[in-house]
Amino acid sequence: MKTAIVIGYGNDLRSDDAIGQLIANTIKSWDLPNLTSLAVHQLTPELAEPLANTDLAIFVDACINSQFKEVQVQSLLPSELNTINTHISNPRSLLALSQMLYGHSLPAWLVTVPGVNFELGDRISPIAEKGIQIAIFKIRELLHKCNYL
């Protein structure tokens with residue numbers, strides 16, 4: 001059975017920056033046997049191992065000042081990784097680290113959701129709430145299209 005992982009990341013103490021974690025937690029509630037969903041504060045090198053043990057990765061994050069003001073889905077390739085860093089700042093670097101350490105390259109996608117309120121707090125803006133629903137729909141479509149649902 002093919003497996004997939006969703007990694008939603010962002011600061012859950014900064015309002016709309018929690019978008020990625022909120023989406024990951026919603027997807028985790030689907031309780032599907034071939035789908036792992038992780039809500040994390042930031043991308044760290046430890047996430048390279050779960051990536052190496054799956055067939056498809058979907059990263060989810062909030063975006064500030066999106067020029068399109070809508071949910072974006074884009075495919076990802078590993079970045080050029082010249083050194084091992086203790087802090088991974090983006091999904092492409094994490095994919096490269098997984099490939100370097102475990103020799104496993106996998107298809108990956110980045111879903112970005114526009115947010116407007118990144119102040120300290122736990123209130124999600126109406127724009128982010130709408131984007132969360134659209135992102136969940138798009139992730140479900142992507143998983144279905146790739147035969148994971």
Side-chain angles (χ1 to χ4, degrees), residues 1-81 85 87-99 105-149:
M1 179 186 308
K2 291 166 59 171
T3 59
I5 189 169
V6 174
I7 301 174
Y9 58 100
N11 187 339
D12 59 353
L13 300 176
R14 289 210 165 266
S15 303
D16 288 354
D17 200 34
I19 288 170
Q21 288 199 43
L22 291 170
I23 291 170
N25 286 329
T26 298
I27 291 170
K28 185 175 188 167
S29 74
W30 297 350
D31 200 28
L32 298 172
N34 63 331
L35 179 62
T36 301
S37 187
L38 303 173
V40 298
H41 183 75
Q42 63 186 4
L43 300 178
T44 60
E46 293 80 13
L47 294 169
E49 183 179 6
L51 286 173
N53 295 312
T54 194
D55 301 303
L56 173 76
I58 300 173
F59 296 91
V60 187
D61 191 17
C63 64
I64 303 171
N65 301 326
S66 170
Q67 65 179 344
F68 301 108
K69 301 285 188 218
E70 60 188 43
V71 175
Q72 298 291 305
V73 179
Q74 63 184 23
S75 64
L76 294 175
L77 295 172
S79 66
E80 299 274 334
L81 189 62
N85 192 343
H87 174 77
I88 302 294
S89 61
N90 65 66
R92 293 182 66 230
S93 295
L94 189 55
L95 290 170
L97 182 62
S98 181
Q99 186 175 13
S105 181
L106 69 157
W109 298 85
L110 174 62
V111 177
T112 53
V113 181
V116 293
N117 177 18
F118 293 87
E119 299 296 321
L120 283 175
D122 61 357
R123 293 195 173 202
I124 302 299
S125 71
I127 289 172
E129 285 179 9
K130 180 180 175 187
I132 287 169
Q133 296 308 312
I134 292 168
I136 289 169
F137 177 80
K138 288 186 178 212
I139 290 167
R140 187 181 289 274
E141 275 187 329
L142 180 61
L143 290 166
H144 182 73
K145 179 179 142 185
C146 296
N147 298 316
Y148 290 87
L149 288 181

Considering all heavy atoms, the nearest S79-S93 contact:
OG-CA, 3.4 Å
Interatomic distance, N90 atom CG to Y9 atom OH [nearest 0.5 angstrom]
7.0 Å
Quiz: residues 20-29 side-chain donor-acceptor pairs under 3.5 angstrom, not counting sequence neighbours:
| residue | atom | partner | partner atom | Å |
| --- | --- | --- | --- | --- |
| Q21 | NE2 | G10 | O | 2.6 |
| Q21 | NE2 | V40 | O | 3.3 |
| N25 | ND2 | Q21 | O | 3.3 |
| T26 | OG1 | L22 | O | 3.1 |
| S29 | OG | T26 | O | 2.5 |

Quick one: pull up CD1 in I64 and CG in N117 and give me the separation to the nearest 0.5 Å.
10.5 Å
Residues that Q74 engages under side-chain contact (heavy atoms from CB on, under 4.5 Å), provided they are two or more places apart
L76, L110
Roughly how far apart are R14 CZ and D122 CG, rounded to 0.5 Å?
13.0 Å
Between Q99 and S105, which heavy-atom pair has the shortest distance, and what is it?
NE2-CB, 3.8 Å
If you define the side chain from C-beta out and look only at heavy atoms, does anything of W109 sit under 4.5 Å from S75?
yes
Can you tell me how far apart CG (L13) and CG (L120) are? Round to the nearest 0.5 Å.
7.5 Å
Do V111 and Q72 come close enough that some side-chain heavy atom pair is under 4.5 Å?
no
Review item, side-chain donor-acceptor pairs of residues 127-143, under 3.5 Å, at least two apart:
none

Closest non-hydrogen contact found for P91 with L43 is N-CD1, 3.5 Å
Output the distance between atom CG (L94) and atom OG1 (T44), rounded to the nearest 0.5 Å.
7.5 Å
dist Q42:CD -> L47:CG (nearest 0.5 Å) comes out at 9.5 Å
Between side-chain atoms of residues 48-63 and protein atoms elsewhere (two or more places apart, or another chain), which donor-acceptor pairs fall under 3.5 Å?
| residue | atom | partner | partner atom | Å |
| --- | --- | --- | --- | --- |
| N53 | ND2 | E49 | O | 3.1 |
| T54 | OG1 | T3 | O | 3.0 |
| T54 | OG1 | T3 | OG1 | 3.1 |
| T54 | OG1 | A4 | N | 3.3 |
| D55 | OD2 | T3 | N | 2.8 |
| D55 | OD2 | T3 | OG1 | 3.4 |

Listed by chain and number, what are the side-chain hydrogen bond (donor to acceptor under 3.5 Å, both in side chains) partners of S125, not counting sequence neighbours?
D16
